[in-house]
Structure formats: C-alpha cells, structure tokens
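Notes to accompany the following structure.
Excluded from the calculations below are hydrogen atoms, water molecules and symmetry mates; all remaining heavy atoms, backbone and side chain alike, are included.
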Amino acid sequence: MTDHGPQPVERQLPTEEARDLLALVRDLVQREIEPTAAEEEEAGSFPREVFRLLSASGLLALPYTEEFGGGDQPYEVYLQVLEELAAARLTVGLGVSVHTLACHALAGYGTKEQQAEHLPAMLGGGLLGAYCLSEPSSGSDAASLRTRATRDGDTWTIEGTKAWITHGGIADFYTVLARTGGEGAHGITAFLVPGDAPGLSAAAPERKMGMKGSPTAQLHFDGVRVPDARRIGEEGQGFAIALSALDSGRLGIAACAIGVAQAALDEALAFASGRRQFGRPIADFQGLRFMLADMATQIEAGRALYLAAARLRDAGLPFSKQAAMAKLFCTDAAMRVTVDAVQLLGGYGYTADFPAERYMREAKVLQIVEGTNQIQRMVIARHLAGPESR
C-alpha cells in the first residue's frame with residue numbers, strides 16, 4: 001500500500017478573497033494555536049492572547065458589515081473559518097462562535113447610535129463577548145427564565161443568575177436576556193451589559209469533562225444597573241432576538257463539530273498509515289479501511305449540510321429548519337467519528353498522549369450546547385408537522 005496521510009480539506013469558496021482568508025487562518029492555526037493546544041487544554045489555560053490576535057486580524061468580525069469594522073463575509077465563508085479553528089482547538093473555534101453570537105443582537109437589532117458606539121470595539125477592539133440566556137432552572141425551556149430587569153426612569157436594575165455561560169467571568173461584555181414583563185416569551189428584553197458592571201460576579205468555573213480551557217460559569221446579577229441606552233430592541237422583543245441569534249449560532253456549532261471530527265479523522269488516518277501490525281500498515285486491513293471511509297463520509301455529509309444552510313442564510317431565505325438539521329447531524333456525526341477514532345487507535349487512543357480522547361470528550365458537549373439535539377429534533381418536527389397539540 002502507498003503511504004497516505006491526512007490531506008488539507010478541499011473547500012469550495014466563492015471568491016479569491018475567501019481563499020486568501022482561509023490560507024491566512026491555516027497559517028495562524030499552525031503558528032499560534034496547534035503547537036500548544038493539547039498542553040493548554042490539559043492545564044485549563046484560556047488563550048486570551050489568541051483571541052486578541054484573532055480580533056486584530058479581523059477574525060472576530062467576519063460575518064458583520066464593514067460599516068462598523070466587520071469583515072463583510074458570507075456565512076458560507078465564516079463557518080469554514082470556524083471549522084479550521086475548531087479543528088485546531090475547540091476552545092478557540094467555539095469561543096469565536098460564542099463571541100459572534102454575543103454581537104448578533106446589537107448588530108441586528110440595535111439602533112444606529114448604539115451600533116456606532118459599541119460595535120467597533122466589540123468587533124475589532126480586542127474585546128470578547130458572552131451570551132446570557134440559560135439559567136439554573138431554565139435551559140431547554142428558555143422562555144421560562146427568571147432573571148428580572150426592573151425599570152426606574154432611564155435605568156434598569158437586573159437581578160438573577162445565569163448559568164452555563166461560556167466566557168463567564170472573563171468576557172468584556174454580555175448580551176443578557178432578562179424578564180421585563182409577564183410570564184412567557186413576550187416578557188423578555190435584551191441588554192448589553194459591561195463585563196465590569198458593579199454587582200456582576202461569576203461563580204467558580206464548572207469542572208467539565210472537556211474544553212477545560214474554556215471557562216463556563218454561573219453569573220450573578222446583584223442589582224446590576226444598566227442605562228436604557230443599553231437596551232437592545234424593543235421591550236418584550238428579547239426572546240425573538242434570542243431565537244434569531246440561536247439559528248445562526250447553531251450553524252456555528254455545526255461547523256465546530258465538523259472541525260473536531262475532521263481533526264479526529266486526520267489523527268486516525270495518520271496513525272493507521274504509520275502503525276504496522278502483522279508486517280503491514282493497519283490501514284491495509286479492510287475493517288479499518290471501512291471505518292475510515294465511514295468517518296470521512298459522515299464529515300463530508302455534515303459539511304455539505306451546514307454549508308447548504310449557510311447559503312440559505314446568505315441569500316436571505318428561511319433557514320431555521322436547516323440550521324437545526326445541521327446542528328443535529330454534524331454534532332451526532334462528530335460524536336460517532338471521535339469514538340471511532342479512539343477505537344482505531346486502540347490503547348493509544350485511550351491515553352492523553354494522543355489527541356483522540358480529547359476530541360471525543362469535546363465532541364460530547366456539542367450535542368448539548370445551544371439547544372440539545374433532542375430540542376433540534378423538536379424544532380425540525382415542528383417545521384414538518386406543525387406545533388404539538390396541547
């Protein structure tokens with residue numbers, strides 16, 4: 001057998017500018033992220049300097065307009081950048097996705113004055129954002145959130161606790177969904193809260209099975225005062241804003257999942273090509289060849305699915321169902337591919353000396369965040385068969 005190893009992903013990109021952008025990202029990944037990824041994840045070290053570099057390089061602003069410092073790139077391109085970053089280190093890829101999610105409300109629903117005041121620093125000023133929707137008692141049922149914002153003249157006071165916040169405690173700004181009216185989805189409003197606001201504090205980061213370098217923490221709002229000028233959109237519009245953001249965010253998770261899966265396939269292929277048993281590379285054995293073929297097929301199918309959804313979004317067409325499908329399929333595929341990668345490496349796959357076990361632990365969280373895959377199935381079914389009977 002001829003010795004074959006991992007090859008760069010063949011990407012269909014819409015412009016020469018996009019091809020140059022992906023080349024820049026690959027170079028940055030090889031120099032700044034890959035060499036220390038395993039060591040820093042094991043140590044639980046958050047790569048803040050990498051995010052400053054990404055911001056300075058314009059990579060935290062790709063899908064937003066040039067008017068306020070964005071990269072003006074279509075989602076089709078932005079998601080493939082995310083995939084490359086996540087393949088190198090999920091803490092970075094997912095972190096960029098979360099930051100993009102945190103900017104969505106202001107970019108899409110803020111006034112021109114708000115956008116001019118805040119977006120340039122958020123998109124290219126070295127800042128890092130977080131998104132605050134979930135709470136200890138409202139995860140999948142996000143419309144039941146209890147964090148409350150009470151108005152007094154031109155100021156709002158926020159009281160409550162948010163949970164499972166990526167970048168919790170280290171973000172420079174938070175997009176916060178809080179209840180300003182009655183129960184249910186129509187009583188929720190969005191706010192832009194500075195990371196150093198008095199009364200805002202973070203609990204100790206959660207102890208997770210994967211993504212140890214990415215802090216996930218509860219946030220406590222103890223009389224946090226926010227001027228009305230930092231309210232995003234209309235009162236009561238917050239839940240609609242949140243759902244709009246999550247449709248796009250699910251595509252980010254899908255792309256990250258395919259990045260992790262691609263990294264796992266590359267590791268498995270390199271190992272199978274170099275490992276010899278019974279006098280020949282183990283990649284010669286049909287059982288392992290079929291495993292590799294199945295892994296590659298799932299990755300290609302997932303990539304095609306998230307890109308098809310992204311192109312709908314770029315065309316201004318409805319894409320909510322396709323985003324849910326992409327998140328569901330890509331994250332399930334990443335779980336299967338990473339488990340197979342560990343199996344293919346055998347005992348080596350179960351050790352921390354090889355990255356396969358890290359990929360498997362990281363893939364699991366992608367089936368949970370930004371709507372569990374059970375929620376994605378509910379979303380898809382509602383598009384197909386209508387709302388459930390009550």
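- Under the 4.5 Å side-chain heavy-atom criterion for ILVMFWY residues, no single connected hydrophobic cluster contains both V9 and Y359.
- Note on residues 181-205: pairs passing side-chain hydrogen bond (donor to acceptor under 3.5 Å, both in side chains), not counting sequence neighbours, are T180-T189.
- Using a 4.5 Å heavy-atom threshold, the side chains of Y131 and V176 count as separate.
- The two residues S248 and Y75 make their nearest non-hydrogen contact at CB-OH, 3.4 Å.
- Counting heavy atoms from C-beta on, the side chains of S138 and R146 never come closer than 4.5 Å.
- The cluster map of Ile, Leu, Val, Met, Phe, Trp and Tyr, joined by side-chain heavy atoms under 4.5 Å apart, puts I368 and Y306 in different clusters.
- At a threshold of 4.0 Å, the pair R361-E41 does not count as salt-bridged, since none of the basic side-chain nitrogens sits closer than that to a carboxylate oxygen.
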Problem set entry | Residues R89, E40; criterion salt bridge (Lys or Arg N to Asp or Glu O under 4.0 Å); working and verdict | CA-CA 10 Å; R89 187 178 178 189; E40 290 187 358; 2.7 Å; yes
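- Listed by first and then second residue, the ring-ring contact (aromatic ring centres under 6.0 Å, His included) pairs involving residues 89-124 are H99-F173 (not counting sequence neighbours).
- Under the 4.5 Å side-chain heavy-atom criterion for grouping Ile, Leu, Val, Met, Phe, Trp and Tyr, L123 is connected to L127 within one hydrophobic cluster.
- Applying the salt bridge (charged side-chain N to carboxylate O under 4.0 Å, His left out) definition to pairs two or more places apart or across chains, those involving residues 52-62 are E49-R52.
- Summarising the geometry of A272 relative to P281, their closest heavy-atom pair is O-CB, 3.9 Å, with the distance given to 0.1 Å.
- Side-chain atoms of W164 and L133, non-hydrogen and from C-beta on, never get closer than 4.5 Å to each other.
- Of all heavy-atom pairs spanning G302 and I258, the tightest one is CA-CD1, 3.9 Å.
- The ring-ring contact (aromatic ring centres under 6.0 Å, His included) contacts involving residues 138-157 comprise W156-F191, where partners must be two or more places apart or lie in separate chains.
- A salt bridge links R151 to E235: one of the charged nitrogens lies within less than 4.0 Å of a carboxylate oxygen.
- Contacts of R179 classified as salt bridge (charged side-chain N to carboxylate O under 4.0 Å, His left out), with partners at least two apart in sequence or in another chain: none.
- Q376 places a side-chain N or O within 3.5 Å of a backbone atom of G371 that can act as its donor or acceptor partner.
- Side chain of E83 to main chain of Q80: no donor-acceptor pair is present (N/O by atom type, distance under 3.5 Å, no hydrogens or angles).
- Heavy-atom minimum distance, A255 versus L82: CB-CB, 4.3 Å.
- Counting only distance, with no hydrogens or angles, the side chain of R250 and the backbone of E370 share a donor-acceptor pair below 3.5 Å.
- In this structure, the side chains of F319 and D247 come closer than 4.5 Å at one or more pairs of heavy atoms.
- Of all non-hydrogen atoms in A217 and G168, the two that sit nearest each other are CB-O, 3.8 Å.
- Screening L119, I241, T111 for a side-chain contact (heavy atoms from CB on, under 4.5 Å) involving L106 leaves a single residue, L119.
- Counting heavy atoms of neighbouring residues, nucleotides and ligands inside a 6.0 Å radius, atom CD of E34 exceeds 12 of them.
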Listed pairs under 3.5 Å, donor-acceptor, residues 329-340 side chains, sequence neighbours left out:
unit_1 : atom_1 : unit_2 : atom_2 : d
T331   : OG1    : K327   : O      : 2.6
T331   : OG1    : L328   : O      : 3.4
T331   : OG1    : N373   : OD1    : 3.3
T331   : OG1    : N373   : ND2    : 2.8
D332   : OD1    : Q367   : NE2    : 2.7
D332   : OD1    : N373   : ND2    : 2.8
D332   : OD2    : R377   : NH2    : 3.2
R336   : NE     : Q298   : OE1    : 2.5
R336   : NH2    : Q298   : OE1    : 3.2
T338   : OG1    : A334   : O      : 2.8
T338   : OG1    : M335   : O      : 3.1

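- Annotation for V379: hydrophobic cluster partners, listed by chain and number, are I375, M378 (ILVMFWY side-chain heavy atoms under 4.5 Å, direct or chained).
- Under the 4.5 Å side-chain contact rule for hydrophobic residues, V81 and L79 share a cluster.
- Between R313 and E76 there is no salt bridge, since no side-chain nitrogen of the basic residue lies less than 4.0 Å from a carboxylate oxygen of the acidic one.
- Within 6.0 Å of CZ in R225 there are 12 or fewer heavy atoms belonging to other residues, nucleotides or ligands.
- Every salt bridge (charged side-chain N to carboxylate O under 4.0 Å, His left out) that R19 has, sequence neighbours left out, goes to E16.
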Quiz: residues 204-212 side-chain donor-acceptor pairs under 3.5 angstrom, not counting sequence neighbours:
unit_1 : atom_1 : unit_2 : atom_2 : d
K208   : NZ     : M211   : O      : 3.1
K208   : NZ     : S214   : O      : 2.5
K208   : NZ     : T216   : OG1    : 3.1

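- Looking only at distances, no side-chain donor or acceptor of Y78 sits under 3.5 Å from a matching main-chain atom of Y64.
- Within 6.0 Å of CG in D154 there are 12 or fewer heavy atoms belonging to other residues, nucleotides or ligands.
- Partners of E388 under the salt bridge (charged side-chain N to carboxylate O under 4.0 Å, His left out) rule, at least two apart in sequence or in another chain, are R382.
- Formation of a donor-acceptor pair under 3.5 Å by the T351 side chain with backbone atoms of Y348 is found in this model.
- No side-chain heavy atom of Q115 sits under 4.5 Å from any side-chain heavy atom of E67.
- Between R230 and E117, none of the side-chain N atoms (NZ, or NE/NH1/NH2) sits under 4.0 Å from a carboxylate O, so this pair counts as no salt bridge.
- Between A61 and G69, the shortest heavy-atom distance links the atoms CB-O, 3.7 Å.
- The shortest side-chain heavy-atom distance between L21 and L59 falls under the 4.5 Å cut-off.
- Not a single donor-acceptor pair under 3.5 Å links the side chain of S55 to the backbone N or O of F51.
- If you chain together hydrophobic residues whose side chains sit under 4.5 Å apart, I158 and L219 fall into the same group.
- The ring-ring contact (aromatic ring centres under 6.0 Å, His included) analysis of residues 214-241, with sequence neighbours excluded, yields no pairs.
- Formation of a donor-acceptor pair under 3.5 Å by the S57 side chain with backbone atoms of L53 is found in this model.
- Put simply, the side chain of D228 never gets that close to the backbone of T155: no donor and acceptor are under 3.5 Å apart.
- Under the 4.5 Å side-chain criterion, counting only non-hydrogen atoms from C-beta, L60 is not in contact with T100.
- In this structure, the side chain of E159 engages the main chain of G223 through a donor-acceptor pair within 3.5 Å.
- Partners of E135 by side-chain hydrogen bond (donor to acceptor under 3.5 Å, both in side chains), not counting sequence neighbours, listed by chain and number: T147, K162.
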For this session: Might you work through the ring-ring contact (aromatic ring centres under 6.0 Å, His included) test for F46 and H167, ending with a clear yes or no?
Result: CA-CA 9 Å; F46 182 71; H167 303 155; 5.6 Å; yes
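- Distance alone, capped at 3.5 Å, is enough to place a donor-acceptor pair between the D172 side chain and the L128 backbone.
- Taking 4.5 Å as the limit, every side-chain heavy atom of T175 sits out of range of all side-chain heavy atoms of C132.
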Exercise. Under the side-chain contact (heavy atoms from CB on, under 4.5 Å) criterion, do I253 and L94 qualify, and how do the steps go?
Worked result: CA-CA 7 Å; I253 299 301; L94 187 67; 3.2 Å; yes
